[in-house]
Amino acid sequence: MIIVLFLIGFYIVLAKPNLIKKMMGLNIIETSLFLLIVSIGSVKGGLPPIVASGKGPFVDPIPQVFVITGIVITLGTTIFALSLATKIYKRYGTLNLEKLKRAD
Amino acid sequence: MYEPNIILFSFLIIAALAVAYTKDLIVATIIFSVYSLVMAIVWQRLSAPDLALTEAIVGTGVTTIIFIVTISKTSRREE
Amino acid sequence: MRKILISLSLLFFGLFLFRTVVELPERDKPDNPSQVYTASHYLKKGVKETGIKNIVTAISLNYRAYDTFGETILIFTALCSVLTIFKREKHKISYSMIDVSHFKSSIIVQTVLTIFLPFSVLFAFYLTLYGTNSVGGGLQGGILLGSSMIIFSIIFGSAKAMDKISYPFWVFFEGAAVFTFVLVGLAGIIFGANFLTLIIPGISASYQLLVSKVMLILLQIGFTISSMAILISIFFSMYREETQSASESHS
């Protein structure tokens with residue numbers, strides 16, 4: 001199921017010529033990968049990894065630390081890419097990749 | 001089959017397909033923020049409350065605002 | 001032609017991913033190799049060694065504090081990259097009035113937001129200070145604070161309060177996370193241990209947990225202030241760049 005999400009995001013990046021759509025596809029790819037990482041360490045019926053919430057099997061806390069950092073990385077990449085897209089529109093007047101290849 | 005995980009996953013897949021096939025960029029942004037919200041619910045079902053909070057705040061707060069600011073500066077309604 | 005290439009590459013990728021994902025250890029079983037070896041150490045001895053009840057925050061601020069340090073540098077680099085692309089007005093943070101004459105936001109939105117936004121700011125402060133006992137941490141609180149201030153200045157149209165803060169203070173706020181991390185790390189060196197230890201070896205054992213908790217709260221407050229300032233600066237740089245270039249081309 002996570003593979004299906006990854007492939008849909010990958011298809012958006014490859015096949016849609018608008019730059020903003022490609023950013024959305026990249027975001028979908030990255031969130032699907034975070035799902036994969038967290039679901040490796042999960043335990044059926046496990047409690048969240050806060051020690052005061054009871055006894056019993058806890059969910060693995062290590063992937064969650066990296067996914068928090070990963071969400072911030074996704075945010076930074078999206079912000080930078082969208083500010084570049086704004087400048088490209090101001091210079092060339094279009095955001096379509098086909099037309100950008102033929103201009104200049 | 002009433003298991004909630006399957007319903008949530010199928011919603012995610014349908015939302016990703018809808019982002020791929022609309023031609024209006026503002027509709028794609030709103031569907032994308034709903035995608036982030038359902039992803040936050042999925043994190044909670046996997047027993048990760050920190051991740052649910054962070055994804056809800058980042059996905060629906062900051063990412064949507066940045067996309068809308070960019071769309072308002074560039075072409076609004078085309079593919 | 002292009003569609004055939006795209007569908008072939010998607011199928012190829014899909015087959016590779018399927019073969020890899022099938023071989024990963026099965027989820028939902030308590031005897032995963034990752035569970036048995038590392039996670040059990042963190043879960044059993046985490047509270048005793050660090051004194052933090054939220055194990056995720058304990059890992060990210062105590063066992064793996066370098067990764068969180070790198071994350072603060074990452075957010076700061078995002079701000080620097082946006083500032084190299086867009087200019088900022090000299091020695092002012094924002095333009096005084098955001099132009100709301102295009103749209104008049106409806107009464108419903110304004111009423112709902114006047115009730116909702118104070119709660120969201122309060123919740124952001126709660127997340128910062130309670131990062132060690134329950135979910136949250138400095139990062140989430142900072143982003144929530146920044147985004148609620150951005151929403152306030154979009155809907156209600158005035159960003160005048162931003163100009164009252166003088167510019168050097170604002171630049172200090174933006175770098176606050178990196179500053180506090182470096183200072184807390186150097187405090188470890190001054191007292192004779194490694195770079196980012198939160199335990200000072202000279203003080204008696206009954207005060208060590210208190211000292212480490214004070215340092216953690218300082219780290220989280222620094223993270224919050226910095227995230228808020230960086231988000232607001234990014235938003236204002238992206239939003240009002242048009243008017244400045246238009247006025248420059250006129251004059």
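Below, chain A is the first sequence line, B the second, and so on; all start at residue 1.
With a 4.5 angstrom heavy-atom cutoff, A:I88 does not touch chain B via any of its atoms. In this structure, chain B has heavy atoms under 4.5 Å from both the backbone and the side chain of A:L82. In this structure, no portion of B:V69 lies under 4.5 Å from any heavy atom of chain A. Heavy atoms of B:Y35 lying under 4.5 Å from chain A belong exclusively to its side chain. The parts of B:T29 that come within reach of chain A are both its backbone and its side chain, each placing non-hydrogen atoms under 4.5 angstrom from that chain. In this structure, chain B has heavy atoms under 4.5 Å from both the backbone and the side chain of A:I68.
Comparing A:I20, A:T94, A:L35, A:I2 by how many heavy-atom pairs each has under 4.5 Å with chain B, the most go to A:L35.
Atom OG1 of B:T74 is separated from atom CG of A:N18 by 7.5 Å, given to the nearest 0.5 angstrom. Remark: A:M23 CE to B:F67 CZ distance equals 8.0 Å, nearest 0.5 Å. The line from OH of A:Y89 to CD1 of B:I71 is 12.0 Å long, rounded to the nearest 0.5 Å.
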Check against side-chain contact (heavy atoms from CB on, under 4.5 Å), B:V62 and A:T78: CA-CA 10 Å; B:V62 183; A:T78 310; over 6 Å; no
Under the side-chain contact (heavy atoms from CB on, under 4.5 Å) rule, what do A:K21 and B:T22 come out as? Steps first, then yes or no, please. CA-CA 10 Å; A:K21 273 268 170 88; B:T22 60; 4.2 Å; yes
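Shown here are the side chain to side chain contact (heavy atoms under 4.5 Å, CB included) partners of B:V58, two or more places apart in sequence or in another chain: A:I71, A:L75, B:T54, B:T63, C:I143.
Residues A:Q64 and B:S47 come closest through the heavy atom pair NE2-O, 3.5 Å. The two residues A:T86 and B:K73 have their closest heavy-atom pair at CG2-CB, 4.0 Å. Between B:F32 and A:M24, the shortest heavy-atom contact is CE1-O, 4.0 Å. For the pair B:A16 and A:I12, the tightest heavy-atom approach, listed with the atom from each and the gap, is O-CD1, 4.1 Å.
No side-chain heavy atom of B:E55 sits less than 4.5 Å from a side-chain heavy atom of A:V67. Between B:F9 and A:V4 the shortest side-chain heavy-atom distance does not fall below 4.5 Å.
When the heavy atoms of residues 27-34 of chain A are compared with those of chain B, the residues falling under 4.5 Å are A:N27, A:I28, A:T31, A:F34, listed by number.
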